[in-house]
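So the structure is just underneath, and the comments pick up after that.
Because only heavy atoms are used, hydrogens play no part in the values below, and waters and symmetry mates are left out as well, while side chains stay in. Throughout, protein chains are lettered first and strands after them, A, B, ... in sequence-line order, and every chain is numbered starting at 1.
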Amino acid sequence: MTKAFSDTRNALAEYLLRLADTDMVLAQRLCEWCGNAPALEEEVAMMNVGLDLLGQARNWYDYAAELLDDGRDADHLAFRRNEREYRNLLIAEQPRGDYAVTTAKQFLFDIWHHQVLSRLTESSDERIAAVAAKALKEATYHRRRSTEWMLRLGQGTEESYRRLTDAVQNLWRFTYELTDTDALEDQLAEAGIGAGNVGDAWRTEVARVFSEAGLEQPEPARHFYMDGKNGKHTEHLGFLLAEMQYLQRAYPDATW
Amino acid sequence: MQPGELIFRERAAFTGTPLGEADLERAWDCLAEVMDPEVPVVSVVDLGMIRAVAWQEGHLHVQVSPTYSGCPATEVIERDVRDALEHFGFHSPRIERVLAPAWTTDWITDQGREALKAYGIAPPPKGQARETLRDPGPAACPHCGSARTEQLSEFGSTACKALYRCRDCLEPFDYFKCL
């Protein structure tokens, strides 16, 4: 369980790291498709979405670094923290799988992301509202794209339907984190800064698309024993970071 | 012209005391020659990326708004802006990155839209960036002017573009997405 943070500054830095790490890890997963995508257009699309997420991550990291004020900059936060220090949602770190897995993962995330960013544009913290307003425009494109792919795969062939159904089933337990908030998130939501719980809006939108795609509606995900927001990750994150952080670990402070 | 290359017209360098309105005009003129490195026919001014130019404590202060959060050209553009201003004698200009209000394609000037079209990129429809959930798409093929176009890919060679094809002249073309 999280401890409530006594001062808002530290609580906010922690919250920003969750947003930044989730964007960063998902961007890394998307970019694994570079050179491997099923179609050129899809490769370009995924690299673009990944790039948007990477830019958003940097905006959050920059702000987190200022609040932490301990000499670490955005690069340090991204490339020199270990998996237990990473605060990303578990769904972001799951392996990219086949294209159905990537599509389902992106869709479940995009709906959450869009809701969270929409709320953050109303944040009483002006810096957060500014980063969110910019990111929201991009997330709107992302959401539209992944929604269309859900429909295409769901209404496509027997094979695409089977793969998408399997993907949703395997990823579903990780959606618990998207619909749950902990003490830290509640604290910031009450202060008018954080997005709070977007679970209801998320479930409504996901149910709408599932129904249109002809997918079965799973039961709401139950409490899951791992907790990405507090550094308790699946085994996949360590491998992802090992690859992503290799250069900075091998050649600290390397520059172009 | 190579992307990112700075081409300056003949112009007397700025030499006076950096305070006047006339000098701000010069600064705008100078910025109007800084081209987007990825679309080297449209200036950062015509793209609506320069939000403000003002004097502050004896330095020129320029606010730059990035187009997309992850646009890899952001740093290059800020460097080009700085280089161009220094080239014209504005010493140690201060470049500030501003995110709010978020950049929108509605800020692209008419001149910028014409330049995009002439370069083969369909400009975004003006005044329609409020509802990006349904991008209206290009008004016409930038090559032949036909309105019969189809989307090939929602994303193109850079974050700000999508790929389309004309159904009359059959040429593929980039479309500057409505944001």
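Taking chain B as the reference chain and counting heavy-atom pairs below 4.5 Å, the highest number among A:Gln56, A:Met47, A:Arg58 is found for A:Arg58. Contact tally against chain B (heavy-atom pairs below 4.5 Å) for A:Lys134, A:Arg145, A:Met46, A:Glu41: the top residue is A:Lys134.
Contact annotation for A:Asn59: only side-chain heavy atoms (C-beta onward) come within less than 4.5 Å of a heavy atom of chain B. Contacts of B:Leu163 with chain A are absent, with no heavy-atom separation under 4.5 Å from either backbone or side chain. Both the backbone and the side chain of A:Leu51 come within less than 4.5 Å of a heavy atom in chain B.
Residue B:Phe155 comes nearest to A:Ala45 through the heavy atom pair CD1-CB, 3.4 Å, listed as atom of the first residue, atom of the second, then distance.
Of all residues in residues 92-102 of chain B, those placing a non-hydrogen atom less than 4.5 angstrom from a non-hydrogen atom of chain A are B:Arg97, B:Leu99, B:Ala100, B:Ala102. At a heavy-atom separation below 4.5 angstrom, chain A is approached by B:Pro66, B:Thr67, B:Tyr68, B:Ser69, B:Gly70, B:Pro72 within residues 64-73 of chain B.
Around CZ of B:Arg165, the count of heavy atoms belonging to other residues, nucleotides or ligands within 6.0 Å does not exceed 12. The 12-atom threshold is exceeded at NZ of B:Lys161, counting heavy atoms of other residues, nucleotides or ligands nearer than 6.0 Å. The 12-atom threshold is exceeded at CD of B:Glu150, counting heavy atoms of other residues, nucleotides or ligands nearer than 6.0 Å.
Rounding to the nearest 0.5 Å gives a distance of 4.0 Å between OG1 of B:Thr104 and NZ of A:Lys137.
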